[in-house]
Every structure is written in C-alpha cells, then in structure tokens.
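The basis for the numbers below is simple: all heavy atoms, side chains too, and nothing from hydrogens, waters or symmetry mates. Keep in mind the model is a prediction, meaning the values are calculated, not measured.
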Amino acid sequence: MRLLYSMAWWLALPLVLTRLWVRGRKEPGYRQHLAERLGFYPANAFTQSAQPVLWVHAVSVGETRAAQPLIEALLAAYPAHTILLTHMTPTGRATGRELFAKYAPRVLQCYLPYDTGWMVGRFLRHFAPRLCVLMETEVWPNAVAQCVRHRVPVALVNARLSERSLKKAQRLSRLI
C-alpha cells in the first residue's frame with residue numbers, strides 16, 4: 001500500500017512543484033526554500049551543533065500555535081537540546097519565526113520535505129533527531145516509516161481521531 005502511495009507522490013511531484021511555483025506568484029513564500037521541500041539542507045543554512053535535536057512537525061499556523069506550549073516546555077526540560085520545527089506552509093513558518101525568535105538559535109525552522117522515503121531519509125540523516133513529535137493529525141506514512149527505519153521515536157500529540165478513523169488507520173498499518 002505504501003509503495004502505491006510513494007509511486008503516486010513521485011508521479012505527482014512535477015504537478016506539485018508547478019502548483020507551488022504558480023501559487024508563489026501571489027504568495028512569494030511558496031517559492032522560497034524549494035530545496036528544503038526536496039530534502040536538501042545546506043550545512044551553512046542550519047547550525048550543525050553537537051546538541052541533540054528534538055523535532056516538532058507543525059504543518060501550518062494552527063498547528064504551530066498549538067505547539068507553542070509544548071516547544072516552550074521542551075526547551076525548559078531539555079536545555080542541552082535544539083528544537084527543530086518543521087512546516088509545510090510559509091504562513092506556518094512565519095508564525096513559528098514570530099513565536100520562537102526569542103529562542104534562537106535553539107529553535108531552528110525548515111520545511112519538511114515531501115513524503116517520499118528518499119527525501120525524508122535525507123532529512124533524517126541531516127538533522128538526526130532524537131524524537132519526532134507530529135502535531136494534530138499530520139501523519140505522513142513515509143515519514144513515519146523512515147523514522148522507524150532510523151530509530152526515531154514518533155509521538156502524535158494534540159490529535160483528534162474518530163473511532164472510524166482509528167479503525168481505518170489500524171487496518172492500513174497492518175497492510176504497510
């Protein structure tokens with residue numbers, strides 16, 4: 001099942017990138033940091049410290065705001081760690097920059113790459129997070145599979161899941 005999902009991502013990728021570029025005409029933030037969306041992170045763009053990384057994925061504005069108390073608690077509880085905050089939208093990234101600028105350089109931000117095993121694998125090798133925290137219901141099958149492969153524990157927080165959705169997810173997880 002995940003193989004079909006992955007193939008669909010690779011087939012759709014040219015359309016996704018085209019849509020991103022077109023949307024960037026009205027919202028320039030969509031044209032920025034394109035390499036990150038493909039899993040490329042230049043070493044000089046991010047502080048490569050010896051500090052362990054805790055990764056929090058908050059797709060857009062709502063998830064980023066919901067993550068604020070958690071991130072502040074993680075910063076207080078783990079003073080020797082860096083928090084990596086990932087997004088999928090420019091508005092989420094801008095909100096994160098606004099909320100966490102006072103914690104720089106302990107809070108880094110970037111885009112999570114599109115959900116292909118290869119791109120997410122590059123992301124995980126680059127940042128080597130010790131933990132992945134997914135906000136709300138942003139579960140990406142290849143990202144979770146790559147976390148398992150790279151032995152990165154995954155936590156889903158602040159999620160609302162109906163009984164029907166839970167049963168469907170459990171069936172899918174057995175197929176994967």
What I want to find out is whether Arg93 reaches Glu98 closely enough, with some N-O distance under 4.0 Å, to be called a salt bridge.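 Result for this pair is no, no salt bridge flagged.
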
Name each donor-acceptor pair under 3.5 Å that joins a side chain in residues 10-17 to protein atoms two or more places apart or in another chain, with its distance.
none

Side chains of Ile71 and Leu54: does their closest heavy-atom pair fall under 4.5 Å? no

Atom OH of Tyr5: over 12 foreign heavy atoms under 6.0 Å: yes

Near Arg31 CZ, under 6.0 Å, is it more than 12 heavy atoms from other residues, nucleotides or ligands?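 Atom CZ in Arg31 is crowded, with more than 12 foreign heavy atoms closer than 6.0 Å.
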
Nearest 0.5 Å, what's the [atom1]-[atom2] distance between [X] and [Y]?
X: Tyr111; Y: Leu34; atom1: OH; atom2: CG; result: 9.0 Å
X: His150; Y: Leu124; atom1: NE2; atom2: CG; result: 5.0 Å
X: Gln109; Y: Glu36; atom1: CD; atom2: CD; result: 10.0 Å
X: Arg97; Y: Leu85; atom1: CZ; atom2: CG; result: 11.0 Å
X: Arg106; Y: Leu75; atom1: CZ; atom2: CG; result: 4.5 Å
X: Leu131; Y: Leu84; atom1: CG; atom2: CG; result: 11.5 Å

Determine whether the aromatic ring centres of [X] and [Y] lie less than 6.0 Å apart.
X: Trp9; Y: Tyr114; value: yes
X: His126; Y: Tyr41; value: yes
X: Trp140; Y: Phe123; value: no

Show me the pairs that pass ring pair (Phe, Tyr, Trp, His ring centres under 6.0 Å) and involve residues 16-39, at least two apart or across chains. none

Considering all heavy atoms, the nearest [X]-[Y] contact:
X: Pro69; Y: Ala66; answer: CD-O, 3.4 Å
X: Gly39; Y: Pro113; answer: N-CB, 3.5 Å
X: Leu70; Y: Val157; answer: CD2-CG2, 4.1 Å
X: Cys132; Y: Cys147; answer: CB-SG, 4.0 Å
X: Trp118; Y: Arg125; answer: O-NH2, 4.4 Å

Considering only Ile, Leu, Val, Met, Phe, Trp and Tyr, and joining two whenever side-chain heavy atoms are under 4.5 Å apart, list the other residues clustered with Met7.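 In the cluster with Met7 are Leu3.
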
Which pairs pass salt bridge (charged side-chain N to carboxylate O under 4.0 Å, His left out) with one or both residues in residues 10-28, sequence neighbours excluded? Arg23-Glu27

Evaluate the criterion side chain to side chain contact (heavy atoms under 4.5 Å, CB included) for residue pair Met135 and Val56; output intermediate values, then yes/no. CA-CA 7 Å; Met135 292 301 298; Val56 177; 4.1 Å; yes

Side chain to side chain contact (heavy atoms under 4.5 Å, CB included) between Thr82 and Val107, intermediate numbers included: CA-CA 6 Å; Thr82 296; Val107 176; over 6 Å; no

Within the side chain of Arg130, is there an N or O that forms a donor-acceptor pair under 3.5 Å with the backbone of Val152? no

Using atom types as modelled and distance alone, determine if a side-chain donor or acceptor of His87 lies under 3.5 Å from a backbone N or O of Ala58.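 Yes.
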
Under the rule for side chain to side chain contact (heavy atoms under 4.5 Å, CB included), what residues qualify as partners of Thr95, not counting sequence neighbours?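 Per chain and number, Thr95 pairs via side chain to side chain contact (heavy atoms under 4.5 Å, CB included) with Val61, Thr64, Arg65, Leu99.
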
For Val59, give me all partners under side chain to side chain contact (heavy atoms under 4.5 Å, CB included), at least two apart in sequence or on another chain. His57, Glu63, Met88, Glu138

Apply side chain to side chain contact (heavy atoms under 4.5 Å, CB included) to the pair Ser6 and Asn142, showing each step before the final yes or no. CA-CA 8 Å; Ser6 297; Asn142 284 320; 3.0 Å; yes

